[in-house]
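To start, the structure itself, in structure tokens.
Labels below follow one simple rule: chain letters A, B, ... track the order of the sequence lines, proteins then strands, and each chain is numbered from 1.
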Amino acid sequence: NAGVTQTPKFRILKIGQSMTLQCAQDMNHNYMYWYRQDPGMGLKLIYYSVGAGITDKGEVPNGYNVSRSTTEDFPLRLELAAPSQTSVYFCASSGGQGLNEQYFGPGTRLTVT
Amino acid sequence: SQKIEQNSEALNIQEGKTATLTCNYTNYSPAYLQWYRQDPGRGPVFLLLIRENEKEKRKERLKVTFDTTLKQSLFHITASQPADSATYLCALQEQGGKLIFGQGTELSVKP
């Protein structure tokens, strides 16, 4: 099992550009999550999904969009990148009813200049 | 307002000693509390989960306590080793809710 994979590892964007952060898991988990982590801070939930075709907003969804067309994939789209979106982005998944431990990917470090 | 607080200052201890990390919360009623370890440049890794009706959970050198009256969880690493140096995150989850993370405590174990 590869677990949770994320691409790319690093990316530099100019203000106003768009990009998609990819996330995939091979554990057949229904629940998937996107977090951002700023220096010295905890993780903030951006969006989450409880299954294919179902997504919902987390604590900080503005400026982001998600889709979940398959169980395995949960891409995060940034439209019109802003410097405030400079952060490390983590994707995670969990099984059961979402009350179990979460498995995290290695993260994507994004800089917007 | 709702808040989760962990020791904001880094914890420095000597190898072999017990490290104790604190997680306090206000205005939450968590059904579960989880602890994660995060190494620099990596994603968090799950360590332990404790339920609201459990007072204590152990796994090898790790012990977690959960006091819903004090609204506090303590995370202990006994016989600490330099390899235990990392940032430790607590996260709580209300029934039917999402996981909410604290800001983490950096632990440094010196040989």
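Within a 6.0 Å sphere centred on CE of A:M27, heavy atoms belonging to other residues, nucleotides or ligands number more than 12.
Options B:I100, B:L89, B:L99 differ in how many heavy-atom pairs under 4.5 Å they form with chain A, and the most are formed by B:L99. Annotation: maximal heavy-atom pairing with chain A below 4.5 Å, among B:Q103, B:R42, B:E106, B:Q6, occurs at B:Q103.
With respect to B:D67 and B:K55, no salt bridge is recorded, no charged nitrogen being found less than 4.0 Å from a carboxylate O.
For chain A, the nearby part of B:Q38 is the side chain; its heavy atoms alone come within less than 4.5 Å. Using a 4.5 Å cut-off between heavy atoms, A:Y48 touches chain B through its side chain atoms alone. Contacts between A:L43 and chain B at a heavy-atom distance below 4.5 Å involve backbone atoms as well as side-chain atoms.
Under the 4.5 Å side-chain heavy-atom criterion for Ile, Leu, Val, Met, Phe, Trp and Tyr, A:F90 and A:F74 are members of distinct hydrophobic clusters.
With ring centers used as reference points, A:Y47 lies 6.0 Å or more from A:Y33.
In summary, the side chains of B:S73 and B:W35 do present a donor paired with an acceptor at a separation below 3.5 Å, with no hydrogens or angles considered.
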